[in-house]
2 protein chains.
Amino acid sequence: MRIGELSRRTGVPVPTIKYYVREGLLPAGQLTSPNQAAYGEAHERRLRLIRALLDVGGLKVAAIAEVLAAVDDPAKSIHKVLGVASDLLVPRYPAAEPDEALLAAREQVDELVTQRGWQDVHDCPAKESLAMALATLRRVGHEDFVQVLDVYAEAAEEVARADLEAVAARSARSALDGVVESVIVGTVVGEAMFSALRHLAHVDRSSRMYGEAASHGQAAAGGDGEITR
Amino acid sequence: MRIGELSRRTGVPVPTIKYYVREGLLPAGQLTSPNQAAYGEAHERRLRLIRALLDVGGLKVAAIAEVLAAVDDPAKSIHKVLGVASDLLVPRYPAAEPDEALLAAREQVDELVTQRGWQDVHDCPAKESLAMALATLRRVGHEDFVQVLDVYAEAAEEVARADLEAVAARSARSALDGVVESVIVGTVVGEAMFSALRHLAHVDRSSRMYGEAASHGQAAAGGDGEITR
DNA sequence: TAGTATGGATAGCGGCACTGTCCACTATCC
DNA sequence: GGATAGTGGACAGTGCCGCTATCCATACTA
């Protein structure tokens with residue numbers, strides 16, 4: 001297959017494919033002559049994965065390059081890949097000097113971690129990310145929202161269990177290669193899935209709580225009664 | 001308070017504040033003379049909220065403007081605001097023409113919705129977002145990952161219940177204004193919190209499953225043994 | 001009264017994900 | 001075998017976005 005067909009099959013424009021190759025996301029095709037190269041199914045697959053990470057996961061091109069390097073690294077454990085995926089997926093804050101809210105939040109996080117008995121989590125960027133979120137609650141004057149933390153943690157544990165079970169199920173019948181990929185896909189797409197489900201559950205629940213007849217329209221069009229519509 | 005102090009208190013540079021005012025995120029200060037204006041505590045609060053939505057929520061400036069317009073709209077129900085928040089938070093895909101994977105995914109979503117008995121959810125963009133995620137799984141050859149859907153949905157329901165309870169708790173002792181804000185904050189910051197918690201739970205669980213001694217380093221540095229290190 | 005801060009307006013910047021153009025060549029169709 | 005379309009590779013340009021810099025006339029501040 002040449003680049004044009006690869007483009008047609010995946011819907012990714014040819015110049016974009018070239019760009020991905022330049023950026024190291026996609027290996028170059030097999031050169032058959034100075035200006036002719038052949039692409040295989042692996043390229044197609046990889047290209048779809050790239051688009052998934054880009055569109056659904058919202059990862060940056062540079063981050064995707066790192067993730068894919070980890071996928072292609074022949075010597076890595078699931079545990080390690082999960083760490084890499086976490087590290088690259090978790091938002092990275094530019095590390096200003098910590099204010100009071102952040103300091104308190106960090107303690108809160110450590111407390112939660114020990115209370116939950118979470119292992120091997122000590123230098124995990126997700127901890128800082130969580131602290132950031134908690135600190136933000138404090139800064140905007142909604143610290144009372146932390147009352148949800150336990151429910152969230154419990155739900156997160158169950159989600160994580162399901163995630164790793166899915167990975168294990170795949171590893172039972174697939175090469176390690178596909179397994180590592182499934183960790184990435186599960187982490188990234190799983191997040192999008194959960195986010196959407198949470199929104200749906202919000203709408204459902206608020207519909208039940210605040211009025212059967214309510215509907216939620218499509219933007220801030222503003223200005224009718226309190227609950228009804 | 002003048003703009004300089006507002007800047008000092010919030011850590012937001014003066015030109016950036018001016019920019020937010022221009023973009024309609026922040027109301028202008030009370031003019032006391034042609035080139036002198038006074039800002040109050042409300043401005044400070046609002047500014048922190050803007051930074052939260054921007055940094056933690058990753059919202060675009062334009063989307064924040066819409067959200068804040070909804071917050072300031074005196075006639076809106078919690079249910080409505082939640083809808084607006086959902087609509088603006090859920091990733092919006094540029095609507096290419098649906099392929100087979102997306103069509104199948106949409107059906108899957110509808111099935112889930114009826115099975116769960118979710119109400120008032122019919123034209124919710126989160127549905128499309130979920131369908132997108134499921135379609136992506138299919139396209140990258142990981143459709144088996146949908147086995148987690150039920151666990152996810154269950155977890156999402158519990159999270160949503162906790163979210164709305166927190167909002168209700170606040171509404172019991174605060175003006176409606178703060179309540180609407182709490183819906184926004186809860187939706188946005190809650191997502192970041194859950195994401196971080198899921199990552200932590202992943203690391204914990206995979207540590208338990210794949211080796212006590214494992215640790216997960218800080219990036220794709222590549223290349224040691226399978227589980228140990 | 002000198003120096004700094006302010007509101008308002010407009011132009012510019014840096015990052016990022018592409019996209020367009022050009023070239024010498026190759027594949028393909030008639 | 002000649003016209004047409006496609007190709008790999010290089011590099012410049014584009015469009016969006018969240019700021020940031022500069023300027024000006026005016027107003028507080030030491």
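Every chain is numbered from 1 and lettered A, B, ... according to where its sequence line falls, protein lines coming before strand lines. If you're wondering where the values come from, they're calculated on a predicted model, not measured in any experiment.
Ionic pairing of E44(B) and R9(B) is present here: one or more N-O contacts between side-chain nitrogen and carboxylate oxygen are shorter than 4.0 angstrom. Using a 4.0 Å cut-off between charged side-chain N and carboxylate O, E41(A) and R45(A) make no salt bridge. With respect to E128(B) and R92(B), no salt bridge is recorded, no charged nitrogen being found less than 4.0 Å from a carboxylate O. Ion pairing of D163(B) with R205(A) is absent here, as no side-chain N (NZ or NE/NH1/NH2) approaches a carboxylate O to less than 4.0 Å.
Minimum heavy-atom separation, V146(B) to L137(B): CG1-CD1, 4.0 Å. Nearest heavy-atom pair across A153(B) and L197(A) is N-CD1, 3.9 Å.
In this structure, the CD1 atom of I50(A) is 13 Å from the C1' atom of dA17(C), given to the nearest Å. Distance I17(B) CD1 to dT20(D) P: 12 Å, rounded to the nearest Å. Between the C1' atom of dA10(D) and the OH atom of Y19(A) lies a distance of 15 Å, rounded to the nearest Å.
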What's touching nucleotides 1-6 of chain C from the protein side, N or O pairs under 3.5 Å?
| from | atom 1 | to | atom 2 | distance (Å) |
| --- | --- | --- | --- | --- |
| dT6(C) | OP1 | G4(B) | N | 2.9 |
| dT6(C) | O2 | N35(B) | ND2 | 3.1 |

List every contact pair, protein side and nucleotides 12-15 of chain C side both N or O, where the distance is under 3.5 Å.
none

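Looking at heavy-atom distances under 4.0 Å, P34(B) makes contact with sugar-phosphate atoms alone, never a base.
Here T16(B) does not reach the OP1 or OP2 of dG18(D): none of its side-chain N or O atoms lies under 4.0 Å away.
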- Yes or no on salt bridge (Lys or Arg N to Asp or Glu O under 4.0 Å) for K80(B) and D73(B), after CA distance, side-chain angles and deciding distance? CA-CA 11 Å; K80(B) 230 171 218 312; D73(B) 182 349; over 6 Å; no
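Inspection of the E191(B) and S195(A) side chains reveals an N or O donor paired with an N or O acceptor under 3.5 Å.
Here the side chain of S182(B) pairs a donor or acceptor atom with the backbone of V179(B) at under 3.5 angstrom.
Between atom CG of residue L164(B) and atom CD1 of residue I78(B) there is a gap of 8.5 Å, rounded to the nearest 0.5 Å.
Contact check of residues 22-33 of chain A against DNA chain C (heavy atom, cut-off under 4.0 Å) returns R22(A), S33(A).
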